[in-house]
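In what follows, residues are counted from 1 in the order of the sequence shown. Every heavy atom of this structure was used, including side-chain atoms; hydrogens, water molecules and symmetry mates were not.
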Amino acid sequence: MARCMGLFIRNQNACKRHVWIIAICALLATPPGQAGTCRPLTLLTRLHFQRSRTGTRIYVPVVIDGTSREMLLDTGASFSMVSPAAVKALDLPSRATDWRMYDLSGSYGQYGIRAKTFAVGHLHWRRVDFFEMGSNQNIGGQFTGTKLIGVLGANMLKDFDVDIDYGSNTLSILSPDHCPGRVIYWKTNAVAIVPMSLNDGGQITVRVRLDGVVLTASVDTGASKSVLDLSTAESVFSLTPGSPGTPAAGYVPGGNGDSFFLHRFHSLTLNGISVSNPQLLLVHNAARRHLDHGPALGSLFSHQSSRDLSPLLIGGDILQHFHVYIAYHEHMLYITPAGTPQH
């Protein structure tokens, strides 16, 4: 069984859903000789977040240039971004860059933004750079200048351990300088330990098995729904878009009329975690059309070839049932069932 452990708090800020889990069978193991030779966990900040109406997206309170706003927590975004509406409302200076930041729909921004100050809980930065989003609306939602202003991406998250408990709506950011594997400080009977890698854009990638087929998947807290690339659905799973089992379900916002489809698979497994009957969105990643024509950054991609993009996104509709600890420096995910919601 996984044991609870002490948590050293540097900045103290005190603060039953249906779950699709068949089994979590991996157990937490501590490497021999590690205890007593390295640092304990150090909590840098902890805060409560709001969730979207569907419960599948996380809105983190931030303070940008002294103004309180919210940003979408997006492990799938290479770089943190601010919407055009927020740039105008907050009077943020912008400048043209040589880069294009694409999102899944294929829209892009190419302006850099600089905030004088930026804070997430007790973490504070000065002279922070963002990219301006291509529009105020994309697959991540509607980003206004008065509340939700953009996304908090991998460029800022990957310097820390990021602990997300969907059960208690709590985000904890911790120092990565601690004993390897010694991260589970909450009560749980089992934990899945999932090796992960980071691509050139800083997105988390893992190996999964979808209906028996091994695929590379991105773990994307910014995606409301889990998504399978439509080309993969057709070529690997022999699915026919528009058929009774794979009906059309709408159009991609800003996606030049691209349709998306739905299909319910039998199982999705990830190193001991098994999700039964997941329903995935099937859509073309429109950014693939642009990536081989020059460097790019974006929500799901960086300056890699389009062939390096993960065909599968694990989004909030699946992640919301778990407590997920992301150890960026260890290249490990620690996943347990989500805790009981706190009132």
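Contact of the Asp65 side chain with the Thr117 side chain is registered, since non-hydrogen atoms from C-beta on lie closer than 4.5 Å. Residues Ile314 and Leu270 form a side-chain contact, since some pair of their non-hydrogen atoms from C-beta on lies under 4.5 Å apart. Within the 4.5 Å cutoff, the side chain of Asp211 has heavy atoms near those of the Phe237 side chain. By the 4.5 Å heavy-atom criterion applied to side chains, Leu152 and Phe118 are counted as neighbours. In this structure the side chain of Thr188 never reaches within 4.5 angstrom of the side chain of His323, judged on heavy atoms. At a threshold of 4.5 Å between non-hydrogen side-chain atoms, the residues His331 and Pro195 do not count as touching. Side-chain atoms of Leu313 and Ser226, non-hydrogen and from C-beta on, never get closer than 4.5 Å to each other. Between Val87 and Tyr111 there is no side-chain heavy-atom pair separated by less than 4.5 Å.
Counting heavy atoms of neighbouring residues, nucleotides and ligands inside a 6.0 Å radius, atom CD of Glu234 exceeds 12 of them.
Remark: the backbone N or O of Gly153 is paired with a side-chain donor or acceptor of Ser80 at under 3.5 angstrom. A donor-acceptor pair under 3.5 Å is absent between the side-chain atoms of Gln320 and the main chain of Tyr166, judged by distance alone. Checked by atom type and distance alone, the side chain of Thr170 never pairs as donor or acceptor with a backbone atom of Asp165 at under 3.5 Å.
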Practice task
Tell me, with the steps shown, if Leu41 and Tyr185 meet side chain to side chain contact (heavy atoms under 4.5 Å, CB included).
Solution key: CA-CA 9 Å; Leu41 286 180; Tyr185 60 88; 3.8 Å; yes
Practice task
Show your working on side chain to side chain contact (heavy atoms under 4.5 Å, CB included) between Phe260 and Lys225 and close with a plain yes or no.
Solution key: CA-CA 12 Å; Phe260 62 85; Lys225 299 288 188 181; over 6 Å; no
Exercise for the section: May I have the step-by-step check of side chain to side chain contact (heavy atoms under 4.5 Å, CB included) for Thr216 and Arg207, ending in yes or no? Expected result: CA-CA 5 Å; Thr216 300; Arg207 302 290 284 177; 2.7 Å; yes
Practice task
Could you give me the CA-CA distance, side-chain angles and deciding distance for Phe265 and Leu228, then say whether side chain to side chain contact (heavy atoms under 4.5 Å, CB included) is met?
Solution key: CA-CA 11 Å; Phe265 292 81; Leu228 180 65; 3.7 Å; yes
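From Ile193, atom CD1 reaches atom CD1 of Ile335 across 10.5 Å, with rounding to the nearest 0.5 Å. Residue Gln203 holds its CD atom at 8.0 Å from OG of Ser310, rounded to the nearest 0.5 Å. With rounding to the nearest 0.5 angstrom, the OG1 atom of Thr56 is 8.0 Å from the CZ atom of Arg51. For the atom pair CG (Leu171) and CG (Asp163), the distance works out to 7.5 Å, reported to the nearest 0.5 Å. To the nearest 0.5 Å, atoms CG (Leu157) and OG1 (Thr221) are separated by 7.5 Å. Note that CZ of Phe49 is 4.0 Å distant from CD1 of Ile58, once rounded to the nearest 0.5 Å.
The shortest heavy-atom contact between Gly222 and Leu72 is O-CD2, 3.8 Å. Considering every non-hydrogen atom in both Met81 and Phe130, the closest pair reads N-CD2, 4.2 Å. When every heavy atom of Val151 is checked against every heavy atom of Ala77, the shortest pair comes out as CG2-CB, 4.1 Å. Among all heavy-atom pairs drawn from Thr75 and Ala154, the shortest one is O-CB, 4.3 Å. In terms of heavy atoms, Phe160 sits closest to Tyr328 at O-CD1, 3.3 Å. Nearest approach of Met133 to Gly150, heavy atoms of both residues: SD-CA, 4.0 Å.
Using a 4.5 Å cut-off between side-chain heavy atoms of Ile, Leu, Val, Met, Phe, Trp and Tyr, with links allowed through other members, Leu215 and Leu319 fall into the same hydrophobic cluster. A continuous path of hydrophobic side-chain contacts links Met332 to Leu174 [ILVMFWY only; heavy atoms under 4.5 Å]. Note on Leu47 and Ile326: same hydrophobic cluster, where clusters join Ile, Leu, Val, Met, Phe, Trp and Tyr whose side-chain heavy atoms are under 4.5 Å apart, directly or indirectly. Both Val62 and Leu90 belong to a single network of hydrophobic side chains, linked directly or stepwise wherever heavy atoms of I, L, V, M, F, W or Y lie under 4.5 Å apart. Leu73 and Leu44 fall within the same hydrophobic cluster, defined by Ile, Leu, Val, Met, Phe, Trp and Tyr side-chain heavy atoms under 4.5 Å apart, directly or through other members.
Among residues two or more places apart in sequence or in another chain, the side chain to side chain contact (heavy atoms under 4.5 Å, CB included) test is passed with Ala248 by Phe261. Qualifying side chain to side chain contact (heavy atoms under 4.5 Å, CB included) partners for Thr240, counting only residues two or more places apart in sequence or in other chains: Ser243. Residues forming a salt bridge (charged side-chain N to carboxylate O under 4.0 Å, His left out) with Arg114 (at least two apart in sequence, or on another chain): Asp129.
Neither side chain, Thr269 nor Ser267, offers a donor N or O lying under 3.5 Å from an acceptor on the other.
Considering Val227, Leu268, Leu262, Leu312 as possible partners of Leu280, the one that fulfils the side chain to side chain contact (heavy atoms under 4.5 Å, CB included) test is Leu312.
Note on ring orientation: taking the six-membered ring where Trp is involved, the planes of Tyr325 and His178 are perpendicular (angle over 60°, cut-offs 30° and 60°).
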